[in-house]
Each structure stands twice: as C-alpha cells, then as structure tokens.
2 protein chains.
Amino acid sequence: MFEITKSEPEGGQSGAARVFTFFRDRLLAGDLKAGDRLLAERELALALNVSRPVLREALRSLAILGLVDIQHGRGTFVRSADASVLGQALTLCLAPEPNILDDVLQARIAIECQAIRLACERASERDLQAIASTLDKLVDSLDDPERGGEADYAFHLAIVRASGSPSLMKIYEAISPLLMRSHIERRRDTFREPAITSGLVDAHRSVFLSLARRDPDAAERDLRDHFAIGDDLRRRNLISAYEPKRKRS
Amino acid sequence: MFEITKSEPEGGQSGAARVFTFFRDRLLAGDLKAGDRLLAERELALALNVSRPVLREALRSLAILGLVDIQHGRGTFVRSADASVLGQALTLCLAPEPNILDDVLQARIAIECQAIRLACERASERDLQAIASTLDKLVDSLDDPERGGEADYAFHLAIVRASGSPSLMKIYEAISPLLMRSHIERRRDTFREPAITSGLVDAHRSVFLSLARRDPDAAERDLRDHFAIGDDLRRRNLISAYEPKRKRS
DNA sequence: GTCAATCCGTGGTCAGACCACTTTAGGCGG
DNA sequence: CCGCCTAAAGTGGTCTGACCACGGATTGAC
C-alpha cells in the first residue's frame, strides 16, 4: 500500500507540472535523445498514473518549448533543442519595452564584438573561407535589396559562428527575429542609395581583413565603426524625413 | 450556417494551438495587461468554442512560459514578462553543449562590455550611486564568501542596468542562472586566498572610476582586464590541481 | 465583536467516448 | 505474380459531464 498516489508530494508539484518536470529533467539528463519516440498517450498516462488530459497538458507545454514534436496520427517525438523558442521567449519578454527594435541593436553589437574577438583567436581556415564566401555574395548582390540583406546577415552570422562559442551563437540566433524586424523597419526609411552600398562592402571587407590578420582590437574597431555608420545613417535619414515639411505634418 | 467551426482554418491552427496563439497575440498587442484576471475556465472555454481540457492545454502552456499565473481556487492572472523563463529556455538550449559553464562567460563578457560603454554615455547620477553602493558592500564582505559573491554579482548587474538597454538587461538576466552555476563550480576549486580578494576590490574600483569618468575605452579595458585575471586565476588553479601528483591519478 | 462553520466560485482531475489522421496489412483485380 | 485499393489498427485531437480540492466570503453562533 505504498503506492505513489497523492500521499507522496513527489517534489511538491502535482499533476501536469509533475509530468512536465519529469520529462524536462529526462531531457536535460540525456535519458531521452532527439528522435526518440514516446509511448502512446494512453499508455504514458497509465504509466505515469495521471489521466490523459493531464498528460496532454504537460506534453503540450513541452511542445510549446520545442522539446517534443507531436504529430497527429504518428506519435510524439523528442526534438533537439531549438533556438527559435528562445527567440520567441525573448520577443515576448521584450515586447512591453518601447523602442525595442532600436535597442536590440545594442545586444547585437555586444555579441558580435565579443564574437569577433574570439574568432580572431579561434577561427579555423574553414571559418575564414566561409566568411569570405559570404563577402563574395554581398558583392554580387549589391543591386538586389533582398539578397543583399540576406548576404549581410549571413556575413555577421558567420563571424559569430567562427567564435566557436555556443552561448554567443544561441543568443545571436535568439535575437535574430527581432534583428530582422528591426532591419525591415529601418529599410522602410532607408532608400539604399548606391553611394551607401559601396561603403558597406568596404566596411565589411575591412572587418574581414582585420579578422584574417587575427587582430582583435582592429577587428572590433572596424566592427564598431561599421555599426556607428549604420546608426548615423539611420539618424540622418530620420532627420531628413522630418526637416523638410511633410504633407501630413 | 457560417459558424466558425472547423470549416474555417482560423490561421491554420486548431484547438489548443489556436487558443494559445490567441492569448499570446493579445499579450503582445497589449490587450491584456499584467494583473488582469482571465475569465473562469468554464466561461472561457464556452467563449472560445473549445472544451475545457483543450483550453487548459493552452493555459498550461502559457503558464510554462510565465505569461499567466494559474492559482488554484482563485483564478488565472496575466503576469508581467518574466526573464526567468528565458533563463530556463537558454539552459535547455545550451544543455547538450559541452563546457557550457565556461562558455557562458563569453556571453557575460559580451554583454557587460557593451553595457559599460553605454553606461558611460547614459548612466545617471542615481545609477552611479547604485553602483558605488554595491562597491561598498563588496568591500564590507571581503571575508564572507557568500555575501561577497552576492555583492560581486550585484556590482556587475548594476552596471548592466545603468546601460539603460532592456535587451542587454534581459539577456544578462537570462544567462544569470548559468552564471551562478559557473561561479559555484569555479569557487569549488578556488580557495579564495586573501591576496586575490584585495586585488578583486581594486579591479572593481578601477572599473567604476573609469565609468564615473565617462571613459568608455578605459572602462571596457578595465573590465576586460578584470575578466582576464579571473580567467587566468582559474587556469592557474586548474594547473596547480593537476601538476602535483594527486591520489586518484 | 469575534470567531467559526458553511457555501460558492475557482482551478485540478478523472473516466469514457468519439473523431481525424497515418500507416499498414490484406484482399482484390489485373 | 504484381499493383492498387480498401479496411483496420494505432495514434493524437476533442468533447462531455462529473467530482475533488482550494480560497475567500458570507453567515451564523457564541
């Protein structure tokens, strides 16, 4: 009669919360690997001593966090950790803040400046080639705003990847959705004059060269200059948008 | 006969997922503010045209993300955005990586170095006083490892707060749990000799002074030196632990 | 007036049934 | 013998209605 019913707290939680932490800890401990298939809901509910609705509450929560993938008619599978949920969580946390689309650039600068310092130490030849390759794409797509934006992002992402730091990488991925939105909103005002784009390539190239020369201080300085120019450009655009009288003013 | 039953996709999702996104979007849009109380589950289920279990799956997911607070016998309330869930998500994402406790320090350096640059521009007198206050606590608690650790963390947190950047702040809070674990693990090896602690105070003080002088380059340099010393210390400790023959070697 | 028991509204859980989707196994026709 | 097609089995998806557990307010007794 020592059944594990309500008489035992089991960690203080009960019901769905208990099942949720059960699976989460199994995930963290590595008992469940990506691709593993869970038992059917009915069997799991039986095994864990809860009803099916309760089990489903827990599974649904795990699914929201991207830890499992529930497929109708097929089963529930363990998923590898996903950075997209991080991005969503960050977006939710930052949502109430004003001007978040501008502020998130600060996080970007923070990550990239540290990443490029690490990259100067750690980047392999393969990493450098990958960055150089994105630089080529950037040059090729000067006249195409769409592809150009992608190439720009790819360049910076390649730098963060070259840092070899999972933490920096994950955080960078997490802020990417917000960065995208920020980028889109900025491009709405910036009409991308040719003079600017050519300077853009130069800026990227000098960042890359400093990195290839394994000079952390120079690389960070180039990167900061690059960001400062973008910032300045945005400011000037804002001014020129309001200084001459507008129709709806 | 144009009821909103299964004939209308309603965004492609159905059931719990639909309810979840419904509330999430309301949260993002600001229609629901922190502290607001939701309708009772039975009424909500009726209003949203779903059964109570389905509604509960959605609510439970929202609760996991820290967006609502479900209280037995009282009701369900909207919660203000919580960084703790961010920390958990980050921990989950980074869990499979090796040496994550060391690597997360890179993220810390990234955030703090950018934060202190911003703080040099933006910090108010009140911010500076807050930082100075934590510095005093640090001095007071030199002989108490527990309080000393807290004061140390408070000092760095105050700097990030003084940056006035919500993004940096949230990300710093997000990595805090991992930072704590990292700190604990490191202290397990570091026997905190008096000579070190005194140098620690000097390092913090010079960081603060450069910040108070509004000198971004000097402040970042001081900060990086501070981190480098800690890193070096850890390395040296590791070496001294393995260099003389150990029992279990 | 104070304290207690009671009642009501809330979330928490359960059981069983049925629906929808996917896969597979078997039968039927070629 | 091969291939297609249908039916069945297994899975998640949903619903219904009931009951339990907790918190607070109301009401009653002292």
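Residue numbers start from 1 in every chain, and the chains themselves are labelled A, B, ... in the order their sequence lines are given, proteins ahead of strands.
Annotation: salt bridge (charged side-chain N to carboxylate O under 4.0 Å, His left out) contacts involving residues 42-52 of chain B, sequence neighbours excluded, comprise B:Glu41-B:Arg52. Listed by first and then second residue, the salt bridge (charged side-chain N to carboxylate O under 4.0 Å, His left out) pairs that reach into residues 85-107 of chain A are A:Asp102-A:Arg234, sequence neighbours excluded. Note on residues 60-77 of chain A: pairs passing salt bridge (charged side-chain N to carboxylate O under 4.0 Å, His left out), not counting sequence neighbours, are A:Arg60-B:Glu57.
Atom pair B:Leu44:CG and C:dG11:C1' shows a separation of 12 Å (rounding to whole Å applied). One can place CZ of B:Phe20 at 18 Å from C1' of D:dG13, the figure rounded to the nearest angstrom. When the C1' atom of C:dT10 is taken as reference, atom CD of B:Glu43 falls 10 Å away, rounded to whole Å. Counting to the nearest Å, the C1' atom of D:dG23 and the CZ atom of B:Phe77 are 11 Å from each other. B:Glu41 places its CD atom 15 Å from the C1' atom of D:dC15, with the value rounded to the nearest Å. In this entry the distance linking CG of A:Asn49 with C1' of C:dC14 reads 12 Å, nearest Å.
Partners of A:Phe208 under the ring-ring contact (aromatic ring centres under 6.0 Å, His included) rule, at least two apart in sequence or in another chain, do not exist in this structure. Residues forming a side chain to side chain contact (heavy atoms under 4.5 Å, CB included) with B:Ile109 (at least two apart in sequence, or on another chain): A:Gln114, B:Gln106, B:Cys113, B:Arg224, B:Phe227.
Counting only heavy atoms from C-beta on, B:Ser14 has its side chain closest to D:dT14 among C:dA15, D:dT14, C:dT23. The side chain of B:Arg42 lies closest to C:dG12 when the candidates are D:dT11, C:dC14, C:dG12.
For DNA chain D, the residues of residues 52-73 of chain A within the heavy-atom distance limit of 4.0 Å (strictly under) are A:Arg52, A:Arg56, A:Arg60, A:Ile70, A:Gln71, A:His72, A:Gly73, sorted by number.
One finds no side-chain N or O of A:Thr76 lying less than 4.0 angstrom from the OP1 or OP2 phosphate oxygen of D:dT11. Residue B:Arg74 places none of its side-chain N or O atoms closer than 4.0 Å to OP1 or OP2 of D:dC22.
Without hydrogens or angle criteria, A:Thr91 side chain to A:Gly87 main chain gives a donor-acceptor distance under 3.5 Å.
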